[in-house]
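These notes are about the structure you will find just below.
Count residues from 1 along the sequence.
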Amino acid sequence: MFEKNRCIDNIYALAKKKGLKIGEMEERAGVSKGYLSRINKEDSTANPPIDFLVSIAEQLEVSVDFLLMYSDADLNKNEAFIIEFVDRLSQKTIQGDIDWVLQARSVLTADNSDPVDNPLIDIVPDYSDEFDMKYMTHGFTSHFYNNAFILDDCYYCYLPEQPSAKVYVMNVRYTSFAKNGTADIYRRDYQDAFELYLCSRNDISPICSTAYVKKEIANTVKNLYETINMTSSHLGLTPNAKSIMQNFLKS
C-alpha cells in the first residue's frame, strides 16, 4: 500500500541530508515549486505520479523502492545507513557500474580440495561412514548462525574505486531441532536468509542477515540479490584486469 506521507517525509529527509533544495528538485522533475508541500496537506487526495518519483529518486541517488519502503522514524542511524548502502549497490548494478561474480553453489559445496575465492569457505576434512574413509570438502562458516549451509548461488563484487574491498551476498538456510510435542521426538526446522558481508584483504565484516533485521533492511537485501540474479552477465573482471584492458583500448 502506497503511503504518501512516508514517501514525502523520506524525500525531505534525504534532500536535507544531501544538501539539496526541494524547490530546485521539483523544477527538475517538471513540477512547480511547492508541489510536495501542496499534495502533503491533510485535505489533499493527490498522489505524486511515478515519473515524478523516478526523477526525484535519481536526484537523490536512490531507488523508488527506497523512497517507498524507507522510514527514518522507524530506523536508527546504522539501519538507515545499511539500507542506503545496499540500495546504492542495487542502483549501480542496474546501471552496469558494478560487475558481480557468480559462485555456483555446486562449487562452494563440492567434496574436493579445490580452493575458491571466498573467505567464508574453508577446505576441511570429513569422514564418510558409508565408505569408511576420510575426504576433503568445502565448509561454510556463517557469522550469524552456528548451523547454516549454502542454499543457492553466491555473488560478490569489487566496490568501485576500492579494489581491495569486496561485497558478498549469500543465500543460506539455518537449521535447528525442536521437540515435537511431549514425545521424545525432534523435528528439524528451517529458516532461509540472505547474508551480507564486506571483506577487505583478510578482514571479514558481517553486515547483516535478513533473519535478524527489520523488514525494511531484509527487503532491501533480498531486492539486491534478485537484482543481481536478473543481470545477464557475470564476467568477473577484477579491477586490475579492467584497468589493463581500458589502457589497451585507449592506446
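Tyr212 and Val172 end up in the same hydrophobic cluster when Ile, Leu, Val, Met, Phe, Trp and Tyr side chains are linked at under 4.5 Å. When hydrophobic clusters are built by joining Ile, Leu, Val, Met, Phe, Trp and Tyr residues whose side-chain heavy atoms come closer than 4.5 Å, directly or via intermediates, Ile204 is grouped together with Val116. Criterion: ILVMFWY side-chain heavy atoms under 4.5 Å apart, direct or through other members. Under it, Val213 and Leu198 are part of a common hydrophobic cluster.
With sequence neighbours excluded, the residues forming a side-chain hydrogen bond (donor to acceptor under 3.5 Å, both in side chains) with Arg6 are Asp74, listed by chain and number. Residues satisfying the side-chain hydrogen bond (donor to acceptor under 3.5 Å, both in side chains) criterion with Ser32, sequence neighbours excluded, are Arg38. For Ala110, the side chain to side chain contact (heavy atoms under 4.5 Å, CB included) partners two or more places apart in sequence, or in a different chain, are Asn112, His138. Checked against side chain to side chain contact (heavy atoms under 4.5 Å, CB included), Ile94 has the following partners two or more places apart in sequence or in another chain: Gln91, Thr227. The side chain to side chain contact (heavy atoms under 4.5 Å, CB included) check on Thr109 picks up Arg105, Ile150, with sequence neighbours excluded. Applying the side-chain hydrogen bond (donor to acceptor under 3.5 Å, both in side chains) test to Asn171 and every residue at least two apart in sequence or in another chain returns nothing. The salt bridge (charged side-chain N to carboxylate O under 4.0 Å, His left out) check on Asp122 picks up nothing, with sequence neighbours excluded. Partners of Thr137 under the side-chain hydrogen bond (donor to acceptor under 3.5 Å, both in side chains) rule, at least two apart in sequence or in another chain, are Asp111. For Lys166, the side chain to side chain contact (heavy atoms under 4.5 Å, CB included) test picks out Asp117, Tyr156, Tyr158, Tyr168, with sequence neighbours left out.
Here the closest non-hydrogen pair linking Asp97 and Pro160 is O-CG, 4.2 Å. Nearest heavy-atom pair across Ser37 and Tyr12 is N-OH, 3.6 Å. Nearest heavy atoms, Leu68 versus Cys7: CD2-SG, 4.0 Å. Counting all heavy atoms, side chain and backbone alike, Met170 lies closest to Cys154 at SD-SG, 3.1 Å.
Listed by first and then second residue, the salt bridge (Lys or Arg N to Asp or Glu O under 4.0 Å) pairs that reach into residues 7-26 are Lys17-Glu84, Lys18-Glu84, sequence neighbours excluded. Pairs engaging residues 205-222 under the salt bridge (Lys or Arg N to Asp or Glu O under 4.0 Å) rule: Glu79-Lys214 [sequence neighbours left out].
Within a 6.0 Å radius of CG in Asp114, other residues, nucleotides and ligands contribute more than 12 heavy atoms. Atom CD of Glu161 sits in a sparse spot, with 12 or fewer heavy atoms from other residues, nucleotides or ligands closer than 6.0 Å.
Checked against a 6.0 Å centroid threshold, the rings of Phe144 and Phe194 do not count as neighbours. Ring-centre distance between Phe140 and Phe149: not below the 6.0 Å cut-off.
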Between Leu159 and Leu89, is the side-chain contact (heavy atoms from CB on, under 4.5 Å) condition met? List the steps.
CA-CA 9 Å; Leu159 289 180; Leu89 287 175; 3.8 Å; yes
Can you list the steps and then say if Asp153 with Tyr225 is a side-chain contact (heavy atoms from CB on, under 4.5 Å)?
CA-CA 10 Å; Asp153 299 332; Tyr225 188 89; 4.3 Å; yes
Would Ile39 and Ile8 count as a side-chain contact (heavy atoms from CB on, under 4.5 Å) if you check the C-alpha gap in whole Å, the side-chain angles of each, and the deciding distance to 0.1 Å?
CA-CA 9 Å; Ile39 69 171; Ile8 294 176; 3.8 Å; yes
Any chance you could lay out the side-chain contact (heavy atoms from CB on, under 4.5 Å) test for Leu196 and Val169, step after step, and finish with the verdict?
CA-CA 5 Å; Leu196 186 69; Val169 185; 3.6 Å; yes
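By the 4.5 Å heavy-atom criterion applied to side chains, Trp100 and Leu224 are counted as neighbours.
Residue Leu75 holds its CG atom at 10.0 Å from CD1 of Ile82, rounded to the nearest 0.5 Å. Note that NZ of Lys4 is 7.0 Å distant from OG1 of Thr45, once rounded to the nearest 0.5 Å. Note that the OG1 atom of Thr141 and the CG atom of Asn118 stand 10.0 Å from one another [nearest 0.5 Å]. Rounding to the nearest 0.5 Å places OG of Ser142 at 14.5 Å from CZ of Arg173. Rounding to the nearest 0.5 Å gives a distance of 10.0 Å between OH of Tyr190 and CG of Asn147. The line from CD1 of Ile217 to CD1 of Ile207 is 11.0 Å long, rounded to the nearest 0.5 Å.
Under the side-chain hydrogen bond (donor to acceptor under 3.5 Å, both in side chains) test applied with Ser209, the options Tyr197, Tyr174, Tyr145 reduce to a single match, Tyr174. Looking at Leu67, Ile56, Leu53 one by one, the single match for side chain to side chain contact (heavy atoms under 4.5 Å, CB included) with Pro48 turns out to be Leu53.
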Table please: side-chain donor-acceptor pairs of residues 57-64 below 3.5 Å, with sequence neighbours left out.
unit_1	atom_1	unit_2	atom_2	d
Gln59	OE1	Arg28	NE	2.9
Gln59	OE1	Arg28	NH2	3.2
Gln59	NE2	Met25	O	3.2
Gln59	NE2	Ser55	OG	3.2
Ser63	OG	Phe66	N	3.0
Ser63	OG	Asp87	OD1	2.5

